[in-house]
Number of protein chains: 2
Amino acid sequence: MSQAFRLKQSIEDAVIAGEFLPGDRLDEASLAERFGVSRTPIREALLQLGAEGFIDVRPRRGAIVSVPSPTRLFEMFETMAEIESACGRLAARRLTPDNDAAMETAHRACEIAAHEGDSEQYYADNRNFHEAIYRASRNSFLADQAFALHKRLSAYRRIQLRARNRLLQSLQEHAGILEAIRAGDEQLAATRLHDHVLVQGERFSDMVLGLAGDRRSDAAGRSGTAK
Amino acid sequence: MSQAFRLKQSIEDAVIAGEFLPGDRLDEASLAERFGVSRTPIREALLQLGAEGFIDVRPRRGAIVSVPSPTRLFEMFETMAEIESACGRLAARRLTPDNDAAMETAHRACEIAAHEGDSEQYYADNRNFHEAIYRASRNSFLADQAFALHKRLSAYRRIQLRARNRLLQSLQEHAGILEAIRAGDEQLAATRLHDHVLVQGERFSDMVLGLAGDRRSDAAGRSGTAK
DNA sequence: GTTTCTAATCTTGCATACAATTTGTATATG
DNA sequence: CATATACAAATTGTATGCAAGATTAGAAAC
């Protein structure tokens with residue numbers, strides 16, 4: 001495959017891994033040297049990442065890793081909550097043995113990681129669990145959207161999972177979600193997934209803001225110029 | 001602003017306007033000549049559109065306007081339905097006088113177009129109405145997502161709105177949606193928006209497939225390899 | 001008449017070169 | 001000492017050239 005696509009993946013991975021922090025400049029020349037290619041495929045990779053919202057490409061002013069404001073970040077988590085709950089609703093309606101088994105496997109892995117207190121491992125297994133739910137929606141387009149947003153939020157999710165006791169609490173929520181999906185209770189599955197995701201967003205916002213106010217009123221209070 | 005971004009917009013507009021039909025090749029050289037620039041900014045524009053899912057960029061094989069399969073198309077409409085209902089739910093919870101007025105204005109415009117039977121005008125006003133709901137969610141990130149998907153589906157929506165009587169039926173559904181949002185009934189607003197959007201997807205699928213089977217079983221029955 | 005192999009042609013991918021714009025620095029001025 | 005201006009350096013945007021892979025056309029074989 002062409003270099004530009006490989007580079008896009010590499011740069012994305014580097015950002016997810018935290019090698020480039022929010023606000024860091026992604027200099028074309030440096031990246032070109034680092035990967036041993038010319039600026040052209042680097043530019044193409046950066047522009048694609050920009051179009052996906054992964055980084056900020058400001059014309060004539062270079063690319064930087066996005067720095068979402070606390071409000072924006074909350075909006076992203078809220079959107080993630082809505083999309084995940086949609087996946088859960090559809091999964092509850094359409095669950096097949098295959099998807100059920102995949103979720104079970106992922107859940108078991110989370111269990112082990114949680115009881116060992118291995119937050120790095122739990123982070124990875126948690127991702128698999130959520131992806132299993134996306135697939136269980138049996139709507140691959142929706143699953144793609146969910147997966148993309150999950151990736152964009154992964155940096156913030158990781159930080160937040162380090163919080164004490166959050167692992168075991170997260171695991172219990174997973175169990176409740178699984179139960180609802182298996183029972184075919186669309187409404188319950190949607191609600192539980194929604195809360196599960198949003199609590200992460202709220203906790204993160206708390207961390208960022210250093211206070212425990214009501215985040216929803218923050219999101220609701222902003223000027224809201226869409227597009 | 002740089003040429004690549006202008007070109008991206010121009011090409012996107014041309015696709016939305018139906019100048020390039022699904023399956024058409026987007027030849028770099030021809031586009032470069034048409035816009036009087038070199039291939040470089042054209043390539044950059046195409047890659048960005050590809051990253052947004054607007055077109056298909058296949059390595060070494062050029063870009064074409066996406067040709068979603070009927071199944072994929074249904075999945076996209078189903079996703080749109082979920083996102084729109086999320087917007088409606090939040091709008092019902094957070095409605096402000098400003099957003100209320102904006103929806104009212106857009107609804108009035110739809111009313112006029114519908115009664116005059118002007119489907120082209122209704123198409124434009126309908127878009128404004130839905131955008132007003134996105135904004136009323138007071139979550140600009142969610143609204144952006146909704147807007148982007150709306151654009152991707154616009155070609156198919158337009159065709160479908162030409163169906164006889166659909167204008168007046170659509171208008172009535174709008175009235176019901178507005179009523180639910182104003183009543184602050186999150187659940188009802190979500191359900192009505194969901195059905196309003198999904199009926200378009202189902203109708204379109206019927207048109208494409210030329211039969212009146214149950215589209216849901218189609219979507220549920222596919223192999224569902226997400227990502 | 002159909003299929004398969006080969007060669008010519010066309011298109012895309014990448015590197016390099018240059019032009020245009022922004023950013024940084026030093027100097028002058030109030 | 002702060003501010004403004006002019007010049008220098010660094011960085012991005014676009015054009016062009018060439019190499020590599022894909023598509024098409026034609027000839028040969030079945």
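Just the heavy atoms: all of them, side chains too, but no hydrogens, waters or symmetry mates, feed the values below. Just so it is clear: chains get the letters A, B, ... in the order the sequence lines come, proteins before strands, and each one is counted from 1.
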Query raised in the report: Does A:Thr40 have a side-chain nitrogen or oxygen under 4.0 Å from the phosphate oxygens OP1 or OP2 of C:dC14?
Result: no
Report summary line: From the list B:Asp98, B:Asn99, B:Asp100, side-chain hydrogen bond (donor to acceptor under 3.5 Å, both in side chains) partner of B:Thr96 resolves to B:Asn99
Query raised in the report: Taking only N and O in the side chain of B:Arg60, is any of them less than 4.0 Å away from OP1 or OP2 of C:dT11?
Result: no
Report task. Indicate, with a heavy-atom threshold strictly under 4.0 Å, whether A:Arg61 touches base, sugar-phosphate, or nothing. Result -> sugar-phosphate
Query raised in the report: Nearest-Å distance, CD1 (B:Ile64) to C1' (C:dT11)?
Result: 15 Å
Report task. Send over the distance from A:Asp56 CG to D:dT12 P, rounded to a whole Å. Result -> 15 Å
Query raised in the report: What nucleotide, of C:dA15, D:dA15, D:dT11, holds the atom closest to the side chain of A:Asp27?
Result: D:dT11
Report summary line: From CZ of A:Arg58 across to C1' of D:dG13 the rounded distance in Å is 15 Å
Requested in this report: Calculate the interatomic distance between B:Ile42 atom CD1 and C:dT11 atom P; express it in whole Å.
Outcome: 15 Å
Report summary line: To the nearest angstrom, the CG-P distance between A:Leu26 and D:dA10 comes to 20 Å
Query raised in the report: Side chains of B:Arg58 and B:Ile64: closer than 4.5 Å at any heavy-atom pair?
Result: yes
Query raised in the report: Tell me, do A:Phe35 and A:Pro41 make a side-chain contact under 4.5 Å, heavy atoms counted?
Result: no
Query raised in the report: Rounded to the Å, how far apart are B:Glu44 CD and D:dT12 P?
Result: 12 Å
Report summary line: Taking D:dT14, C:dC14, D:dG13 as options, the one with an atom nearest any side-chain atom of B:Ala4 is D:dT14
**Report entry** A:Arg43 CZ to C:dG13 P, straight-line distance once rounded to whole Å
**Finding:** 16 Å
Query raised in the report: Counting side-chain heavy atoms from CB outward, which of D:dG17, D:dT14, C:dT16 is closest to B:Arg39?
Result: D:dG17
Report task. May I ask you to say whether B:Glu12 pairs ionically with B:Lys8, meaning some side-chain N is under 4.0 Å from a carboxylate O? Result -> no
Query - N or O in side chain of A:Arg25 less than 4.0 angstrom from D:dT12 OP1/OP2 - result: yes
Query - Residue A:Glu28, side-chain atoms from C-beta onward, closest of D:dT14, D:dT12, C:dT12 - result: D:dT12
**Report entry** Parallel, tilted or perpendicular, as decided by the 30° and 60° cut-offs, for the rings of B:His196 and B:His130
**Finding:** parallel
Report summary line: A:Leu7 atom CG is separated from C:dC14 atom C1', nearest whole Å, by 11 Å
Report summary line: Checking D:dA15, D:dG13, C:dG13 against the side chain of A:Pro59 (C-beta onward), the nearest is D:dG13
